[in-house]
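Computed from a prediction, not measured in an experiment: that's the story for all the values here. All chains are named by letter (A, B, ...) in the order of the sequence lines, taking the proteins before the strands, and each is independently numbered beginning at 1.
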Number of protein chains: 2
Amino acid sequence: MIKYIGQTRILVAVDCIIFGFDGSDFKLLLIQRGFAPEKKRWSLMGGFIQPEETLEVAANRVLKQLTGLEDVYLEQLQAFSGPDRDPVERTIAVAYFALIDIHKYEKQISHEYHAEWFLLKDMPQLIFDHGQMVELAKKRLRYKAALHPVLFELLPERFTIPQLQALYEGLYETEFDKRNFSRKILSTGLLVKQNEKDKENSRKGAFYYKLDKRKYSENFQAFLKFIPNPDKFLV
Amino acid sequence: MIKYIGQTRILVAVDCIIFGFDGSDFKLLLIQRGFAPEKKRWSLMGGFIQPEETLEVAANRVLKQLTGLEDVYLEQLQAFSGPDRDPVERTIAVAYFALIDIHKYEKQISHEYHAEWFLLKDMPQLIFDHGQMVELAKKRLRYKAALHPVLFELLPERFTIPQLQALYEGLYETEFDKRNFSRKILSTGLLVKQNEKDKENSRKGAFYYKLDKRKYSENFQAFLKFIPNPDKFLV
DNA sequence: CCAAAAGTGTTGTGGCTACACCCATGA
DNA sequence: TCATGGGTGTAGCCACAACACTTTTGG
């Protein structure tokens with residue numbers, strides 16, 4: 001194969017910021033790095049890109065390795081390229097963020113990587129520039145969720161409106177008026193009310209809803225307004 | 001230096017989608033590729049990342065090589081990683097898009113690369129996946145400009161409101177009501193009216209405005225609404 | 001005096017926010 | 001029966017979109 005001469009070839013990795021929601025808090029799935037350098041310190045799950053893979057395929061592979069899950073919401077965040085970001089050898093990392101239903105993960109948990117869920121508000125220090133990646137992912141998710149119904153990716157098939165509200169409130173670290181919130185959400189037409197109630201979290205019980213998947217994929221790109229006064233929350 | 005063993009190292013390039021606005025049309029700056037493969041075909045300006053550079057530095061370098069300009073608006077778009085996107089050798093490309101004042105460029109034009117401005121609507125076929133990059137950049141810019149005052153980056157220091165409107169209309173390939181448009185733009189408080197008029201484009205003449213740079217940088221992240229019915233335009 | 005583009009105001013409507021009370025249930 | 005969280009309606013306000021005529025001036 002002909003080659004471009006005189007150019008430097010570099011390691012390319014993908015790192016995954018994995019978000020989850022446990023019904024009341026936003027969480028992040030981290031692993032305890034098993035090899036030097038920085039052995040035992042907390043880190044995002046990552047891996048090097050392989051010869052025949054696209055970045056997207058690599059990110060999906062890495063995610064599946066850790067969680068066992070496929071067909072997960074995954075979005076390219078940004079490439080990080082500080083020449084010394086990895087002290088061992090120059091590596092460019094392309095960060096992806098994933099939104100997973102935390103319950104699905106728990107069913108398939110692998111202890112191989114010493115993975116743990118951390119509260120997003122209460123994260124350990126991470127290696128390299130992983131902390132920056134998480135900050136950026138949070139910002140991007142806030143931005144995106146203000147306009148598109150992406151947060152449903154974090155919920156199980158059935159969920160209640162109070163749960164959904166807790167999810168938004170967790171992401172934006174604030175509280176919303178529940179009357180306005182439920183009106184706004186229901187007015188999208190994305191939710192289908194079920195007959196059963198969730199009786200675990202209150203005495204009265206809250207009705208379950210499911211996502212209308214057809215409308216969801218049709219309207220995903222639509223420009224909605226989920227968050228009042230977005231200026232306040234979107235830096 | 002210790003190294004990660006058994007991993008493949010890959011070429012990493014940056015490619016720049018360079019937008020300009022000539023007062024009535026949106027344009028794209030392309031070069032005619034000077035070497036094989038695909039010699040003589042039109043292409044985005046790009047270059048390989050160097051050992052001590054970040055991607056951002058590389059993109060700025062590449063942009064300066066072609067245009068002579070520094071301190072230009074430049075934003076990372078996405079990494080493109082199809083294993084066969086470059087037939088010579090596997091290369092991952094990180095695309096950046098740039099917004100430049102076309103007049104500044106014309107002052108510093110370099111003929112070294114056989115660069116030419118093309119109408120965005122009327123582009124030649126590009127090599128590799130550059131066509132996809134341009135499409136994505138257009139989409140991203142439409143999205144961004146609907147919410148943030150980023151299009152001012154394309155204008156010279158003095159500009160008129162009709163010019164500004166033509167700029168928005170070019171990007172969204174539509175027409176806006178001029179009364180609503182000017183009211184909306186002026187209500188941001190970002191513009192400072194000048195005393196002179198531009199007499200080149202009409203008999204009556206249109207007042208020049210300048211950008212209030214302090215307010216511009218303060219409000220850049222603010223969540224505005226420049227485009228009526230954004231759903232229509234933002235896929 | 002005519003053509004061509006700049007500039008400017010009003011009104012109706014719909015969507016947003018703010019706000020408070022009743023309901024169902026398990027303990 | 002009481003404590004807890006679920007569920008619901010309204011009114012005022014503001015922002016938006018739709019719309020047409022006058023002004024300026026160069027030729």
Per A:P162 side chain, nearest of listed nucleotides C:dG9, C:dT17, D:dG6: D:dG6

Proximity to the side chain of A:K178 - top-ranked nucleotide from D:dC19, D:dG9, D:dG7: D:dG7

Distance-only donor-acceptor test (3.5 Å): side chain B:N201, base C:dA5: no

N/O donor-acceptor pair, side chain B:K225 with base D:dA15, under 3.5 angstrom: no

Could you tell me whether the side chain of [X] and the main chain of [Y] form a donor-acceptor pair under 3.5 Å?
{"X": "A:Q78", "Y": "A:V94", "result": "no"}
{"X": "A:H148", "Y": "A:F220", "result": "yes"}
{"X": "A:H130", "Y": "A:L44", "result": "yes"}
{"X": "A:S81", "Y": "B:L55", "result": "yes"}
{"X": "A:Q32", "Y": "A:A115", "result": "no"}

Calculate the interatomic distance between [X] atom [atom1] and [N] atom [atom2]; express it in whole Å.
{"X": "B:R179", "N": "D:dT22", "atom1": "CZ", "atom2": "C1'", "value": "12 Å"}
{"X": "A:F181", "N": "D:dG7", "atom1": "CZ", "atom2": "P", "value": "12 Å"}
{"X": "A:D177", "N": "C:dA20", "atom1": "CG", "atom2": "C1'", "value": "10 Å"}
{"X": "A:L186", "N": "D:dG6", "atom1": "CG", "atom2": "C1'", "value": "13 Å"}
{"X": "A:D198", "N": "D:dT4", "atom1": "CG", "atom2": "C1'", "value": "14 Å"}
{"X": "A:Q165", "N": "D:dG7", "atom1": "CD", "atom2": "C1'", "value": "12 Å"}
{"X": "A:F207", "N": "D:dT8", "atom1": "CZ", "atom2": "P", "value": "8 Å"}
{"X": "B:F176", "N": "C:dT8", "atom1": "CZ", "atom2": "C1'", "value": "20 Å"}

Could you list the protein-to-nucleotides 23-27 of chain C atom pairs, N/O on both sides, closer than 3.5 Å?
| from | atom 1 | to | atom 2 | distance (Å) |
| --- | --- | --- | --- | --- |
| C:dC23 | O2 | A:K204 | NZ | 3.1 |
| C:dG26 | N3 | A:R203 | NH1 | 3.2 |
| C:dA27 | O4' | A:R203 | NH1 | 3.2 |

N-O pairing of B:R142 and B:E173 below 4.0 Å: yes

Under-4.0 Å salt bridge between B:E218 and B:K215: no

Ring centre gap for A:F152 and A:F159 strictly below 6.0 Å: yes

Distance below 4.0 Å between A:K184 side-chain N/O and C:dT17 OP1 or OP2: yes

Aromatic ring pairing A:Y172/A:Y168, orientation class (parallel under 30°, perpendicular over 60°, tilted between): parallel

Consecutive-pair stems (at least three Watson-Crick or G-U pairs, under 3.5 Å) that include DNA chain D: C:1-27 with D:1-27

